[in-house]
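Report on the following structure.
Computed from a predicted structure; not experimentally measured.
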Amino acid sequence: MTISEAQAAVDQWIKTVGVRYFNELTNTAILMEEVGELARIMARKYGEQSFKVSDEEKDLADEMADVLWVLICLANQTEVDLTKALEKNFEKKNIRDKDRHKNNEKLK
C-alpha cells in the first residue's frame with residue numbers, strides 16, 4: 001500500500017464506518033495519546049522499564065499503526081498530501097544534512 005492509497009483507505013473507512021472525522025484538535029490529542037502508548041512499549045521492550053501485566057499483550061507494530069492512522073487522519077483533514085510532504089522533507093534533509101552526519105564524530 002502506498003502512502004496515497006493509505007490516505008484514501010483511511011478516508012473511505014472514516015466516511016463509511018467511522019461516520020466522520022473527529023475535529024483536528026481532538027485528533028491531535030489522540031495522536032499524542034497513541035505516541036504515548038508506543039513510547040510505553042518502547043520503554044519496556046528496549047529501555048530499562050519492566051513490563052506490567054497490562055502491557056504484556058501490547059503489540060509494537062499495532063501501536064505504530066495506531067500512530068500512523070491518526071497522523072493520516074490529520075493529514076486528510078488538513079489537506080496534506082503525505083507523499084509530497086515526505087518527498088519535500090527528503091529534499092530538505094538531503095540539502096541540510098548532506099555532510100552533517102558523516103562529519104559527526106559521535107556517529108563513528
In the structure I gave you, are the side-chain heavy atoms of Asp66 and Val70 within less than 4.5 Å of one another anywhere? no
Indicate yes or no for a side-chain donor-acceptor contact from Gln7 to the backbone of Val80 under 3.5 Å, with no hydrogens or angles considered. yes
List the steps and the verdict of side chain to side chain contact (heavy atoms under 4.5 Å, CB included) for Arg44 and Lys52. CA-CA 9 Å; Arg44 281 153 177 72; Lys52 295 178 182 177; 3.6 Å; yes
Closest heavy-atom pair and its distance - Leu71, Leu31: N-CD1, 4.2 Å
Given the rule that I, L, V, M, F, W and Y join up when any side-chain heavy atoms are under 4.5 Å apart, are Ile3 and Phe90 in one cluster? yes
Hey, quick one: are Val17 and Ile30 part of the same hydrophobic cluster, counting side-chain heavy atoms closer than 4.5 Å, chains of contacts allowed? yes
Tell me the side chain to side chain donor-acceptor pair (under 3.5 Å) pairs involving residues 23-35, sequence neighbours left out? Asn23-Thr26, Asn27-Gln77
SB check Glu105 Lys108 (cutoff 4.0 Å): yes
From Ile41 CD1 over to Tyr46 OH, what is the distance, rounded to the nearest 0.5 angstrom? 11.0 Å
Can you check whether Leu38 reaches Leu60 side chain to side chain, under 4.5 Å on heavy atoms? yes
Taking C-beta and beyond as the side chain, do Ile72 and Leu82 meet within less than 4.5 Å on heavy atoms? yes
Quick note, salt bridge (Lys or Arg N to Asp or Glu O under 4.0 Å) partners involving residues 74-99, not counting sequence neighbours, are Asp97-Arg100
For Tyr21, look at atom OH and say whether over 12 heavy atoms of other residues, nucleotides or ligands are found less than 6.0 Å away. yes
